[in-house]
There are 2 protein chains.
Amino acid sequence: MAQKAPQRPSSAKPSREDDSKLSLVSWNVDGLDIENLIERAWGLCSYLDIYTPDVVFLQELIPPYVQYLKKNAVSYLIIEGGKEGYFTGMMLKRSRVELLEKNIVPYPTTTMLRNLLVAQATFKDHKLCLMTSHMESCKGHAEERMKQLRVVMQRMTDAPDDVTVLFGGDTNLRDTEVAEVGLPSTVSDVWESLGKREHVRYTWDTKSNTNKEISHVCQFRFDRLYLRPASKEGVPGLSRITWP
Amino acid sequence: MAQKAPQRPSSAKPSREDDSKLSLVSWNVDGLDIENLIERAWGLCSYLDIYTPDVVFLQELIPPYVQYLKKNAVSYLIIEGGKEGYFTGMMLKRSRVELLEKNIVPYPTTTMLRNLLVAQATFKDHKLCLMTSHMESCKGHAEERMKQLRVVMQRMTDAPDDVTVLFGGDTNLRDTEVAEVGLPSTVSDVWESLGKREHVRYTWDTKSNTNKEISHVCQFRFDRLYLRPASKEGVPGLSRITWP
DNA sequence: CCAGCTAGG
DNA sequence: CCCTAGCTG
């Protein structure tokens with residue numbers, strides 16, 4: 001990929017042979033690093049062309065990046081979590097996902113202008129609630145980050161039970177923080193549900209990803225995907241998660 | 001006092017009218033700050049002249065400070081927990097306390113050359129075990145500090161039951177750390193036993209103590225005194241602690 | 001010896 | 001966006 005780090009598509013992408021299944025990618029596009037930014041946006045679009053995910057969660061978008069996407073990925077509807085600085089966004093494959101409503105949930109005490117971007121949508125007559133966020137960064141902001149996780153989990157559990165809820169993004173979460181907050185019983189961590197495969201554990205990994213000049217080795221699972229299935233008749237593959 | 005901060009005599013000093021009781025002071029003399037050091041050592045000696053404590057626990061001694069004390073506080077026997085850099089020490093009033101044996105207990109994993117200075121002594125035919133330490137400094141070293149507290153507590157509980165055990169010093173402990181380690185049932189925190197009086201809670205207090213140029217307010221109870229009474233016929237006033 | 005910040009690896 | 005060291009209030 002031409003994309004610069006953090007390059008971490010955390011994907012719950014089923015086989016393309018089975019069009020009944022929803023596919024999803026989350027990607028921090030590192031828009032704060034303007035080096036080769038358009039080239040990297042092109043890289044993202046190439047990826048979308050090849051894999052055609054139904055839903056894309058994006059973080060660290062900046063206005064020119066969004067502009068580029070809107071011009072070059074016309075098969076997707078793009079919604080944004082902000083207008084200035086950097087913000088999150090979502091891309092919904094027009095032919096597969098229909099947007100009903102979008103809204104932005106504030107994090108009351110963020111110092112980094114972070115929020116929760118929520119989209120109500122349908123996918124093959126199934127109700128979806130799609131949510132992404134770029135949660136408070138850095139180790140020292142664990143308290144704020146846990147507050148944000150609580151906001152997210154409240155939203156996930158509050159959703160009507162005929163809705164499949166998917167939250168994903170750059171959470172900056174550490175395992176200890178998730179443990180302290182505690183996941184609701186109805187919510188599962190998709191990477192865990194899929195067998196905790198070691199080779200896709202770390203989503204920020206300066207060991208395997210050398211495209212950013214970071215000399216030290218860092219390995220963290222910052223990008224996470226959580227699922228609260230609909231109680232019945234949910235999206236195929238998203239009640240009991242299976243890996244192709 | 002001419003002493004510079006940290007100026008925190010945490011005292012279990014009974015009325016001098018009752019000579020049957022043991023009196024004790026613990027003091028971090030801040031020997032790492034060499035400004036006015038001899039003047040401050042003189043201040044300590046003045047304090048000793050006035051209050052004549054039977055036992056003095058000292059932390060952050062440096063060699064010239066000890067030299068000064070040995071020359072100017074001849075009524076005390078002085079023992080040291082080290083020879084180089086900074087270290088702890090003990091002063092025992094020759095007329096009241098008899099040293100039987102001293103030894104230095106290492107902290108296996110300290111990175112700051114800290115240790116536990118132990119003195120076996122007698123006071124009016126009662127057996128005493130006196131211990132002092134300057135435990136690992138700074139918030140970030142909580143784990144090491146808790147290890148050191150465990151070493152101390154092990155020593156306190158292991159002592160024969162005809163011995164009155166007193167540990168005191170600059171522990172750098174936070175309440176949460178003590179709670180995590182847990183105190184043995186036979187050991188009590190002397191400040192707590194004496195009623196948790198608020199005006200003597202903080203032993204490092206840049207609010208009430210302005211002799212060190214620290215602009216920000218800090219209040220911590222770093223200096224603590226623990227007692228494990230002898231099971232019977234212990235030192236008067238040190239089985240059930242009373243405040244004059 | 002605190003907390004917050006910054007710069008460098 | 002890691003961690004540590006160094007500086008500052």
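Letters go in sequence order (proteins before strands), and every chain restarts at 1.
Between A/Arg174 and D/dC2, a side-chain N or O to OP1/OP2 separation shorter than 4.0 Å is present. Of the side-chain N and O atoms in A/His134, one or more sit less than 4.0 angstrom from OP1 or OP2 of D/dC1. Under 4.0 angstrom from either OP1 or OP2 of C/dA3 there lies at least one side-chain N or O belonging to B/Lys139.
With sequence neighbours excluded, the residues forming a side chain to side chain donor-acceptor pair (under 3.5 Å) with A/Tyr86 are A/Arg114, listed by chain and number. Residues passing the side-chain contact (heavy atoms from CB on, under 4.5 Å) test with B/Pro63 are B/Phe87, sequence neighbours excluded. Residues satisfying the salt bridge (Lys or Arg N to Asp or Glu O under 4.0 Å) test with B/Glu144, not counting sequence neighbours, are none. A/Glu192 meets the side chain to side chain donor-acceptor pair (under 3.5 Å) test with no other residue; sequence neighbours excluded. Residues that satisfy the ring pair (Phe, Tyr, Trp, His ring centres under 6.0 Å) test with A/Tyr202, not counting sequence neighbours, are absent from this structure.
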Give me the distances for all protein-to-nucleotides 6-9 of chain D N/O pairs that come in under 3.5 Å?
residue	atom	partner	partner atom	Å
D/dG9	N1	B/His216	ND1	3.3
D/dG9	N2	B/His216	ND1	3.1
D/dG9	N3	B/His216	ND1	3.4

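The backbone N or O of A/Asp189 sits nowhere less than 3.5 Å from a side-chain atom of A/Arg224 that would complete a donor-acceptor pair.
The distance from atom CG of B/Asn28 to atom C1' of C/dC2 is 15 Å, rounded to the nearest whole Å. Between the CD atom of A/Glu143 and the P atom of C/dA3 there is a distance of 14 Å, given to the nearest Å. Residue A/Gln59 contributes atom CD, which lies 10 Å from atom P of D/dC1 at whole-angstrom precision. The distance from atom CZ of B/Phe220 to atom P of C/dC2 is 6 Å, rounded to the nearest whole Å. One interatomic measurement links the two molecules: NE2 of B/His141 to C1' of D/dT4, which rounds to 11 Å at whole-angstrom precision. When rounded to the nearest whole Å, the span between CD of B/Glu144 and P of C/dC1 equals 14 Å. Here the P atom of nucleotide D/dC1 and the CZ atom of A/Arg114 are 6 Å apart, to the nearest Å. Rounded to a whole Å, the CD atom of A/Glu177 is 14 Å from the C1' atom of D/dC1.
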